[in-house]
**Q** 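Sharing a structure, written as structure tokens. Questions coming.
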Amino acid sequence: MTKPATPSETQSATPAATPPARPAARFDLPEPDAFTEPYWDAAREGHLLIRRCGACAKPHHYPREFCPHCWSEDVTWERASGRATLYTWSVVHRNDLPPFGSRVPYTAAVVDLAEGPRMMTEIVDCPEDDLRIGMALDVTFRELTPGTSVPVFRKAATPDAAR
């Protein structure tokens, strides 16, 4: 009769290899797909795109394959001017999602693009005390990784009256 193996006899003589460390999850990276690729390509080049409907002529943002105003699928990409006004904001002092925790405090905002649509974004290079509803803003781009940039806004270089 054969003696059953003990647990120590069935274990490998070499310790199990430690799996390679996985990079920390990031919650600020877009996930481009075939439809949004032109938007992210333009952002990488420093341009903001919006969509415009060929049926009703209304612009919209965030990018969709149909017009949210009339439901037409006759929509095309259009380069936005990059100008906006501040609609509202909130200064974020705590965020546990990587990499936002390393950026606090930061200013989350909603802006009205000059073309009409509203857009969620971040205000950069502007102290909280300088923020005003209706203030003029210009788009700029934050490079998150090589080849991946997102639009953010900063105080306009020229005042509203000169724009």
Side-chain angles (χ1 to χ4, degrees), residues 23 25-163:
R26 287 190 61 173
F27 293 89
D28 64 336
L29 295 175
E31 296 180 13
D33 57 26
F35 169 68
T36 62
E37 190 172 350
Y39 179 84
W40 298 114
D41 288 347
R44 183 175 45 253
E45 306 269 330
H47 305 292
L48 177 63
L49 296 184
I50 59 172
R51 300 281 278 173
R52 185 170 300 272
C53 179
C56 72
K58 292 183 179 177
H60 63 272
H61 186 79
Y62 64 92
R64 286 165 266 198
E65 296 186 55
F66 61 89
C67 174
H69 305 286
C70 73
W71 300 97
S72 171
E73 293 181 2
D74 180 18
V75 290
T76 57
W77 293 105
E78 174 182 303
R79 187 183 292 184
S81 66
R83 294 188 328 261
T85 56
L86 184 58
Y87 177 74
T88 190
W89 79 90
S90 178
V91 177
V92 179
H93 293 277
R94 181 182 171 105
N95 190 330
D96 295 331
L97 296 175
F100 298 105
S102 64
R103 294 183 190 159
V104 294
Y106 63 88
T107 304
V110 177
V111 301
D112 288 325
L113 299 176
E115 293 77 11
R118 240 174 219 157
M119 176 179 175
M120 292 181 65
T121 187
E122 183 179 341
I123 306 298
V124 297
D125 304 327
C126 184
E128 181 180 359
D129 290 344
D130 290 352
L131 296 170
R132 299 286 181 266
I133 298 296
M135 73 184 286
L137 303 167
D138 290 325
V139 73
T140 188
F141 291 84
R142 171 184 283 143
E143 185 177 55
L144 301 176
T145 63
T148 304
S149 295
V150 296
V152 294
F153 286 78
R154 64 179 167 218
K155 190 174 182 177
T158 57
D160 285 336
R163 292 162 63 104

**Q** Going by the ring pair (Phe, Tyr, Trp, His ring centres under 6.0 Å) test, which pairs reach into residues 75-97, not counting sequence neighbours?
**A**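 Listed by first then second residue: Phe35-Trp77.
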**Q** With a cut-off of 3.5 Å and sequence neighbours excluded, list every side-chain donor-acceptor pair involving residues 41-48.
**A**
residue : atom : partner : partner atom : Å
Asp41   : OD1  : Arg44   : NH2          : 2.5
Arg44   : NH1  : Gly147  : O            : 3.0
His47   : ND1  : Arg79   : NH1          : 3.4

**Q** Looking at Met120 and Val110, what are the two nearest heavy atoms and their distance?
**A**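 Nearest pair, atom of Met120 first, then Val110: CG-CG2, 4.2 Å.
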**Q** What are the two closest non-hydrogen atoms of Pro30 and Val150, and how far apart are they?
**A**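 What the structure gives for the nearest pair is CD-CG1, 4.4 Å.
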**Q** Name all residues meeting the salt bridge (Lys or Arg N to Asp or Glu O under 4.0 Å) criterion together with Arg118; count only those two or more places apart in sequence or in a different chain, and write none if there are none.
**A**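 Arg118 satisfies salt bridge (Lys or Arg N to Asp or Glu O under 4.0 Å) with Asp112 only.
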**Q** Identify, with sequence neighbours excluded, every residue that meets salt bridge (Lys or Arg N to Asp or Glu O under 4.0 Å) alongside Arg142.
**A**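 Only Glu122 meet the salt bridge (Lys or Arg N to Asp or Glu O under 4.0 Å) criterion with Arg142.
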**Q** With rounding to the nearest 0.5 Å, note down the distance linking CG in Asp130 to CG in Asp125.
**A**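 Separation between the atoms: 11.5 Å.
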**Q** What residues, two or more places apart in sequence or in another chain, satisfy ring pair (Phe, Tyr, Trp, His ring centres under 6.0 Å) together with Phe141?
**A**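 Ring pair (Phe, Tyr, Trp, His ring centres under 6.0 Å) list for Phe141, sorted by chain: empty.
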**Q** What residues, two or more places apart in sequence or in another chain, satisfy salt bridge (Lys or Arg N to Asp or Glu O under 4.0 Å) together with Arg132?
**A**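 Residues passing salt bridge (Lys or Arg N to Asp or Glu O under 4.0 Å) with Arg132: none at all.
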**Q** Could you work out, with side chain to side chain donor-acceptor pair (under 3.5 Å) as the rule, every residue matching Thr145, not counting sequence neighbours?
**A**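 Thr145 satisfies side chain to side chain donor-acceptor pair (under 3.5 Å) with Thr148 only.
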**Q** Looking at Val92 and Ala108, what are the two nearest heavy atoms and their distance?
**A**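 Closest approach of Val92 to Ala108: CG2-CB, 4.2 Å.
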**Q** If you take all heavy atoms of Asp138 and Ala156, which pair is closest and at what distance?
**A**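 Looking at all heavy atoms of both residues, the closest pair is OD2-CA, 3.3 Å.
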**Q** Applying salt bridge (Lys or Arg N to Asp or Glu O under 4.0 Å) as the test, list every pair that has at least one member in residues 48-72; sequence neighbours left out.
**A**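 Matches after skipping sequence neighbours: Arg52-Glu78.
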**Q** List for me each residue that meets side chain to side chain donor-acceptor pair (under 3.5 Å) alongside Tyr106, sequence neighbours excluded, and say none if there are none.
**A**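 Partners of Tyr106 by the side chain to side chain donor-acceptor pair (under 3.5 Å) criterion, ordered by chain and then number, come out as Asn95.
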**Q** When Val111 is tested against each of Val139, Val152, Ile123 for side chain to side chain contact (heavy atoms under 4.5 Å, CB included), which residue passes?
**A**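 Option passing the side chain to side chain contact (heavy atoms under 4.5 Å, CB included) with Val111: Ile123.
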**Q** With sequence neighbours left out, write down each residue that passes ring pair (Phe, Tyr, Trp, His ring centres under 6.0 Å) with His60, or none if nothing qualifies.
**A**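 None.
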**Q** Considering only heavy atoms from C-beta outward, does the side chain of Asp28 approach that of Pro99 to under 4.5 Å?
**A**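 Side-chain contact under 4.5 Å: yes.
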**Q** More than 12 foreign heavy atoms under 6.0 Å from CZ of Phe66: is that the case here?
**A**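 Count over threshold, so yes.
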**Q** Going by side-chain contact (heavy atoms from CB on, under 4.5 Å), name the residues that satisfy it together with Pro117, two or more places apart in sequence or in a different chain.
**A**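 Checked Pro117 against side-chain contact (heavy atoms from CB on, under 4.5 Å); matches are Pro59, His61, Leu113, Glu115.
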**Q** Is the shortest heavy-atom distance from the side chain of Glu128 to the side chain of Pro105 under 4.5 Å?
**A**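 Not touching, per the 4.5 Å side-chain cut-off.
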**Q** Taking atom CH2 of Trp40 and atom CD of Glu31, what is their separation to the nearest 0.5 Å?
**A**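 Output value for this atom pair is 10.5 Å.
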**Q** Mind listing the closest non-hydrogen atom pair of Pro38 and Ala34 along with its distance?
**A**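 The answer is CD-O, 3.9 Å.
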**Q** Who pairs with Asp96 by salt bridge (Lys or Arg N to Asp or Glu O under 4.0 Å), at least two apart in sequence or on another chain?
**A**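 Arg94.
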**Q** Val75 and Cys67: which non-hydrogen atoms are nearest, and at how many Å?
**A**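 Looking at all heavy atoms of both residues, the closest pair is CG1-N, 3.8 Å.
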